[in-house]
**Student:** 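Sending over a structure as structure tokens; questions will come in a sec.
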Amino acid sequence: MTMDVLTAAKNVGSDYHGGVVALAPQIGKNHNSLGAELRGDGTAKLGLLDAVKMSIEARDYRILDAFALACGRRCLPLPAANGASAKDCIEAMGKAAREFSELCAEVLQSHGDDGKFSDNERERIQIEGGHVFTAIGDLLGAVDASNEASKQPHLRSAA
């Protein structure tokens, strides 16, 4: 089930602690204006910059995910770069391999004898695929962090 961008924005607003009334001032908007934009009243439209502010303030990325999906894309969180070691990189690679193995197992199991995928099977495969992408992102982040940590201090900002 896909969610359109405006529905995602409405949900972000309503799920924010205190709702739209509490969220609006945090992003520099009047709550009546933001409410009208989220409802699509008259000519009121939610702007892109306000949608970004909502997502960041709420730490809720449903708008971003719905936007990406509407464009045929996916979003992944960036891994934290915290000075990973070579050991961290090997562990991240192992996790990525395990996640890929779990994706393969889910596809094979779901494919079964009929060669078709139900909605539930498709959803499970999508979730497993997301785990693979996240694990690969973590691996790449660990490599980047290890690389950065290995540089001499005066070269870190110049790279």
**Student:** What pair of heavy atoms forms the shortest contact from Val20 to Gly35, and how long is it?
**Tutor:** CG1-N, 3.8 Å
**Student:** Restricting to non-hydrogen atoms, name the atom on His31 and the atom on Val21 that form the minimum distance, rounded to 0.1 Å.
**Tutor:** CB-CA, 3.7 Å
**Student:** According to the salt bridge (charged side-chain N to carboxylate O under 4.0 Å, His left out) rule, which pairs have a member within residues 5-18, sequence neighbours left out?
**Tutor:** Asp15-Arg62
**Student:** CG of Asn147 to NZ of Lys151: how many Å apart, nearest 0.5 Å?
**Tutor:** 4.5 Å
**Student:** Do you know which two heavy atoms are closest between Ala92 and Leu139, and how far apart they sit?
**Tutor:** CB-CA, 3.7 Å
**Student:** Taking atom CG as the centre, does Asp119 end up with more than 12 heavy-atom neighbours from other residues, nucleotides or ligands that are less than 6.0 angstrom away?
**Tutor:** no
**Student:** Are more than 12 heavy atoms from other residues, nucleotides or ligands located less than 6.0 Å from atom CG of Leu108?
**Tutor:** yes
**Student:** Do Arg98 and Glu102 pass the salt bridge (charged side-chain N to carboxylate O under 4.0 Å, His left out) test, and can you show the C-alpha distance, the side-chain angles, and the key distance before you say yes or no?
**Tutor:** CA-CA 6 Å; Arg98 282 190 306 278; Glu102 290 174 13; 5.9 Å; no
**Student:** Under 3.5 Å, side chain of Ser101 to main-chain N/O of Ala97, donor-acceptor pair present?
**Tutor:** no
**Student:** Could you report the tightest heavy-atom contact between Leu46 and Leu38, atom names first, then the distance?
**Tutor:** CD2-CD2, 4.0 Å
**Student:** Roughly how far apart are Lys95 NZ and Asp138 CG, rounded to 0.5 Å?
**Tutor:** 5.5 Å
**Student:** Taking all atoms of both residues into account, what is the closest heavy-atom pair of Arg124 and Glu106, and its distance?
**Tutor:** NE-OE2, 3.0 Å
**Student:** Please report the interatomic distance CG(Asn30) to CD(Glu37), rounded to the nearest 0.5 Å.
**Tutor:** 9.5 Å
**Student:** Any chance CZ of Phe133 has more than 12 other-residue heavy atoms, nucleotides or ligands included, within less than 6.0 Å?
**Tutor:** no
**Student:** Atom NZ of Lys116 and atom CD of Glu121: how far apart are they, to the nearest 0.5 Å?
**Tutor:** 11.5 Å
**Student:** On a heavy-atom basis, which atom in Cys89 and which in Ser146 lie closest, and how many Å separate them?
**Tutor:** SG-CB, 4.0 Å
**Student:** Does a donor on one side chain and an acceptor on the other come within less than 3.5 Å for Glu57 and Tyr16?
**Tutor:** yes
**Student:** Is Tyr61 atom OH crowded by more than 12 heavy atoms from other residues, nucleotides or ligands, each under 6.0 Å away?
**Tutor:** yes
